[in-house]
Amino acid sequence: MNHKRLRGFILACTGIAMISGAGCANFSTQPTPKPKPAMNQYVVGYQAYKRGELDLARRNLEAALINNPNLRMARSILGDIYRKQGDYARAAEQYEVLSRNDPYTLSNHYNLGVSYQFLRRFKESAVAYLKGLKLDANDFNSNMNLGTVYLALGETDEAVRYLDKATQIDPTSGTAWSNLGVALDARNSLVLAETAYRKGLERNPDSLSIKQNLANNLSAQQRIGEAKLLWEQIVTTSPTPFNQTKLAEVYITAMDFDASDKLLTRVMLSDPRFVPAINTQASSMIRQYELSGYTDDKLRLRAVELLKRSLALNGSQNRVAEELKKWSRQSGIGE
């Protein structure tokens, strides 16, 4: 018996009781209907979720959906829990059902797109985001995430289109401007990418990632002096092996091999297994060998030794393997 009908019956009985108490007395003796198990489990799960007890919430919501698969809120919260716990496959299963059964709620498509994106199912992720954008073309997160998905798919024009739309929706977002810069870089629109990065830094001047993107962009434009200054600033505040190696790459391009070798030696002493530094040191040796007119064979042999060491640590580097074959053959030692 639903609540509206039950409430109406009680009101009617109250009126009758004024005339004849017998009718209402008989009704009052009927047992109160017990709440359905699925709803009880949903309530317990929801309350646990609000308290941050995700495992307890998950167990109750899973049980609630077994008893009643049509509880949309239980399914939505369960999907969110799976996503928070990094189980994107199971999260996607929940959002798939929600987006089918409730296709007019943008968050269902958005959450499905996010789950697919983490699973690297980029084509399916794009489809989900596009469905959401049909409901609201100006949703910031859907536009930005769709742009990054197209970037992962190598569709740079579409990536630029949606990331540019994200900057129009929220011009204050440094992240959106930086992502647009990455897409423009991928499309080889270097000057436009630089502009996007600089706009991103205006919004978020302390962003390390935007500074790194801009420094890489300046290097790609062959503005080595500016790139060097920026990487030196970055290393001053964040002297990670990655940042020091990127600065060393700029030193090599500027043919400041002493500075490069000193920096890379420091990195490899602190982390002997940091492959990017090993590869960059090999590149430094090869570049110096070329500048010697291919006469200083010690440099080539040192590069070969470094390339072998790199591949021993990570054998899936095709470019490094090709470099090793090329410079090993110079002296006929082969592989």
Side-chain angles (χ1 to χ4, degrees), residues 151-152 178 181-182 185-186 190 193-194 197 201 206-292 294-331 333-335:
L151 192 58
S178 183
V182 172
D185 263 336
L190 301 182
E194 179 191 351
Y197 294 137
L201 281 175
D206 297 324
S207 171
L208 177 62
S209 63
I210 300 178
K211 290 177 182 177
Q212 291 169 325
N213 287 338
L214 177 57
N216 284 330
N217 172 272
L218 293 170
S219 292
Q221 292 188 65
Q222 296 301 308
R223 291 158 59 181
I224 303 304
E226 294 172 80
K228 180 170 75 71
L229 286 173
L230 185 51
W231 276 118
E232 286 173 343
Q233 292 173 18
I234 292 169
V235 167
T236 299
T237 57
S238 179
T240 64
F242 173 82
N243 289 336
Q244 292 185 77
T245 299
K246 294 299 293 186
L247 175 56
E249 290 176 5
V250 176
Y251 284 148
I252 292 169
T253 304
M255 292 191 289
D256 189 349
F257 298 110
D258 288 341
S260 172
D261 291 347
K262 181 179 178 181
L263 199 55
L264 290 169
T265 298
R266 183 193 311 160
V267 172
M268 289 189 288
L269 282 172
S270 66
D271 186 355
R273 301 179 64 85
F274 190 64
V275 169
I278 298 170
N279 292 339
T280 301
Q281 183 74 303
S283 296
S284 176
M285 297 295 109
I286 289 169
R287 183 60 180 144
Q288 292 177 68
Y289 176 58
E290 291 171 331
L291 290 172
S292 76
Y294 304 98
T295 60
D296 191 345
D297 209 45
K298 290 181 181 178
L299 293 168
R300 183 189 63 78
L301 291 172
R302 174 61 177 150
V304 168
E305 177 187 333
L306 287 162
L307 293 171
K308 287 180 177 179
R309 180 177 161 192
S310 175
L311 285 171
L313 292 168
N314 180 1
S316 62
Q317 303 177 86
N318 293 333
R319 186 191 63 80
V320 173
E322 288 299 317
E323 287 289 297
L324 178 58
K325 289 180 182 178
K326 176 181 177 180
W327 297 109
S328 294
R329 283 197 299 265
Q330 291 289 97
S331 62
I333 59 177
E335 276 300 300

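The figures that follow rest on heavy atoms only: side chains count, while hydrogens, waters and symmetry mates do not.
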- Message: Before you tell me yes or no, could you show the steps for S292 and Q288 under side-chain hydrogen bond (donor to acceptor under 3.5 Å, both in side chains), namely the whole-Å CA-CA distance, both residues' side-chain angles and the distance that decides it to 0.1 Å?
- Response: CA-CA 6 Å; S292 76; Q288 292 177 68; over 6 Å; no
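- Classified by interplanar angle (parallel below 30°, tilted 30° to 60°, perpendicular above 60°), the ring pair Y289/W327 is perpendicular.
- Distance check: I224 CD1 to L229 CG gives 11.5 Å after rounding to the nearest 0.5 Å.
- Pairing each heavy atom of I252 with each of S284, the nearest pair is CD1-CB, 3.6 Å.
- Remark: aromatic rings of Y251 and F257 are distant, center separation not under 6.0 Å.
- Between Q212 and W231 there is a side-chain heavy-atom pair separated by less than 4.5 Å.
- Residues K246 and I234 have side chains not in contact (no heavy-atom distance under 4.5 Å, counting atoms from C-beta outward).
- Interatomic distance, CG of L299 versus CZ of R287, reported as 12.5 Å (0.5 Å rounding).
- Shortest non-hydrogen contact noted between V267 and P241 is CG1-CB, 3.9 Å.
- Of all the heavy atoms in S310 and V275, the pair that sits closest is OG-CG1, 3.3 Å.
- T253 places a side-chain N or O within 3.5 Å of a backbone atom of E249 that can act as its donor or acceptor partner.
- Residues L218 and A227 approach most closely at CB-CB, 3.9 Å, considering heavy atoms.
- For the pair L263 and A248, the tightest heavy-atom approach, listed with the atom from each and the gap, is CD2-N, 3.8 Å.
- Summarising the geometry, atom CG belonging to L230 is positioned 9.0 Å from atom OG belonging to S219; distances are rounded to the nearest 0.5 Å.
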- Query: Do N217 and Q221 pass the side-chain hydrogen bond (donor to acceptor under 3.5 Å, both in side chains) test, and can you show the C-alpha distance, the side-chain angles, and the key distance before you say yes or no?
  - Reply: CA-CA 6 Å; N217 172 272; Q221 292 188 65; 2.6 Å; yes
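- Residue L311 holds its CG atom at 11.5 Å from CG of L306, rounded to the nearest 0.5 Å.
- Atom NZ of residue K326 and atom CG of residue L324 lie 12.5 Å apart, to the nearest 0.5 angstrom.
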- Might you work through the salt bridge (charged side-chain N to carboxylate O under 4.0 Å, His left out) test for K228 and E232, ending with a clear yes or no? CA-CA 6 Å; K228 180 170 75 71; E232 286 173 343; 3.6 Å; yes
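- Nearest heavy-atom pair, A277 versus M268, reported as atom, atom and distance to 0.1 Å: CB-CG, 3.9 Å.
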- Message: Test side-chain hydrogen bond (donor to acceptor under 3.5 Å, both in side chains) on N279 and E323; report intermediate values, then the result.
- Response: CA-CA 10 Å; N279 292 339; E323 287 289 297; over 6 Å; no
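- S238 places no side-chain N or O within 3.5 Å of a backbone atom of V235 that could act as its donor or acceptor partner.
- Under the 4.5 Å side-chain criterion, counting only non-hydrogen atoms from C-beta, D261 is in contact with M285.
- Of the inter-residue distances, the one linking R302 atom CZ with I286 atom CD1 reads 12.0 Å to the nearest 0.5 angstrom.
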- Task: Evaluate the side chain to side chain contact (heavy atoms under 4.5 Å, CB included) criterion for residues K308 and V304: first the C-alpha distance (whole Å), next the side-chain angles of each, then the deciding distance (0.1 Å), finally the verdict.
- Result: CA-CA 6 Å; K308 287 180 177 179; V304 168; 3.8 Å; yes
